[in-house]
Amino acid sequence: MNDRDYRLYQKIYTVVREIPPGQVASYGDIARIVGGGCEAREVGYALNEIPKQGGQDVPWQRVVNKEGGISTRGLLQRELLIAEGVGFGANERIDMRRFRWRGPDAAWAAAHGCEMLPPDADAEQLSLF
DNA sequence: GAATTGACGGGGC
DNA sequence: AGCCCCGCCAATT
């Protein structure tokens with residue numbers, strides 16, 4: 001991995017660290033927040049590198065796929081999320097409307113050169129209740 | 001260096 | 001809801 005990738009990975013980790021406990025974000029969400037042409041798969045690769053880099057402070061378990069499911073082998077990620085209060089529904093799926101992170105605030109995004117998450121119409125509907 | 005793979009997403013059916 | 005296919009691009013073989 002070259003230096004540019006390393007810095008990109010660090011930026012990804014910085015964003016992931018902003019996910020509050022008890023909430024989750026999708027790989028695509030993280031990629032969009034990071035911006036700069038970052039893509040969902042690259043986020044997955046970055047998270048995969050965490051164990052090699054000793055990034056113990058990165059809450060990687062809060063990053064799931066867009067369906068609210070986990071793709072990692074083993075059940076560790078599921079256990080960690082349940083311990084934080086993230087509930088799994090039928091078919092081992094997280095209710096993204098309830099637990100999806102809405103993204104960083106504008107000040108943080110600006111300070112770190114990141115993008116805001118586009119408003120989710122579905123989530124907006126939920127807030128009306 | 002070509003082919004394959006993958007902790008993904010979106011669109012179509 | 002599920003399933004399939006394509007695009008994406010870094011990492012690996």
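Lettering of chains follows the sequences in order, A, B, ..., and the numbering in each one begins at 1.
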S.K.: Nearest of dG9(B), dA7(B), dA11(C) to any side-chain atom of A40(A)?
M.R.: dG9(B)
S.K.: Take V34(A) and Y9(A) through the test side-chain contact (heavy atoms from CB on, under 4.5 Å) and record every step on the way to the result.
M.R.: CA-CA 10 Å; V34(A) 171; Y9(A) 283 13; over 6 Å; no
S.K.: Output the rounded distance in Å from CG (D95(A)) to C1' (dA1(C)).
M.R.: 15 Å
S.K.: Could you measure the distance from the CD atom of Q23(A) to the CE atom of M96(A)? Nearest 0.5 Å is fine.
M.R.: 10.5 Å
S.K.: Determine whether a donor-acceptor pair (N or O, by modelled atom type, separation under 3.5 Å) exists between the side chain of Y13(A) and the backbone of D57(A).
M.R.: no
S.K.: How close or far is atom P of dA11(C) from atom CD of E39(A), stated in whole angstroms?
M.R.: 13 Å
S.K.: Within this structure, what is the CG-to-P distance between N65(A) and dC3(C), rounded to whole angstrom?
M.R.: 14 Å
S.K.: Using the salt bridge (Lys or Arg N to Asp or Glu O under 4.0 Å) rule, collect all pairs that involve residues 108-119 of chain A, keeping only residues at least two apart or in two chains.
M.R.: none
S.K.: Which atoms form the tightest heavy-atom contact between G103(A) and I33(A), and what is the distance?
M.R.: CA-CD1, 4.3 Å
S.K.: Expected output is a numbered-order residue list: members of residues 18-33 of chain A with a heavy atom under 4.0 Å from any atom of DNA chain B. What is it?
M.R.: S26(A), Y27(A), G28(A)
S.K.: For W101(A) and L117(A), what are the C-alpha separation, side-chain angles and deciding distance, and is it a side-chain contact (heavy atoms from CB on, under 4.5 Å)?
M.R.: CA-CA 9 Å; W101(A) 182 40; L117(A) 217 51; 5.7 Å; no
S.K.: Rounded to whole Å, how long is the line connecting atom CD of E67(A) with atom C1' of dG10(B)?
M.R.: 11 Å
S.K.: In whole angstroms, how far is the P atom of dA11(C) from the CD atom of E49(A)?
M.R.: 7 Å
S.K.: Can you name the side chain to side chain donor-acceptor pair (under 3.5 Å) partners of T14(A), sequence neighbours left out?
M.R.: none
S.K.: Is I12(A) close to V58(A) at the side-chain level, that is, under 4.5 Å between some pair of heavy atoms?
M.R.: no
S.K.: Starting from W108(A), can I reach V63(A) by hopping between I/L/V/M/F/W/Y residues whose side chains sit under 4.5 Å apart?
M.R.: yes
S.K.: Linking I/L/V/M/F/W/Y whenever their side-chain heavy atoms sit closer than 4.5 Å, directly or via other members, would M116(A) and V43(A) fall into one cluster?
M.R.: no
S.K.: Side chains of residues 82-89 of chain A: which donor-acceptor pairs under 3.5 Å do they make with residues two or more places apart or in other chains?
M.R.:
residue : atom : partner : partner atom : Å
E84(A)  : OE1  : G22(A)  : N            : 3.2
E84(A)  : OE1  : R62(A)  : NE           : 3.0
E84(A)  : OE2  : Q61(A)  : NE2          : 3.1
E84(A)  : OE2  : R62(A)  : NE           : 3.0
E84(A)  : OE2  : R62(A)  : NH2          : 2.8

S.K.: Polar atoms only, N or O, under 3.5 Å: list the protein pairs with nucleotides 11-13 of chain B and their distances.
M.R.:
none

S.K.: Using whole Å, what does the distance between atom C1' of nucleotide dA7(B) and atom CZ of R78(A) come to?
M.R.: 17 Å
S.K.: Is there a side-chain polar atom (N or O) of N91(A) under 4.0 Å from OP1 or OP2 of dG2(C)?
M.R.: yes
S.K.: In whole angstrom, give the distance that lies between atom NZ of K11(A) and atom P of dA10(C).
M.R.: 16 Å
S.K.: Quick one: Y9(A) OH to dC9(C) C1', roughly how many Å, whole number?
M.R.: 10 Å
S.K.: Under a 4.0 Å heavy-atom cut-off, which of residues 79-87 of chain A touch DNA chain B?
M.R.: none
S.K.: Within the 4.0 Å heavy-atom criterion, would you say N48(A) contacts the bases, only the backbone, or no part of the nucleic acid?
M.R.: base
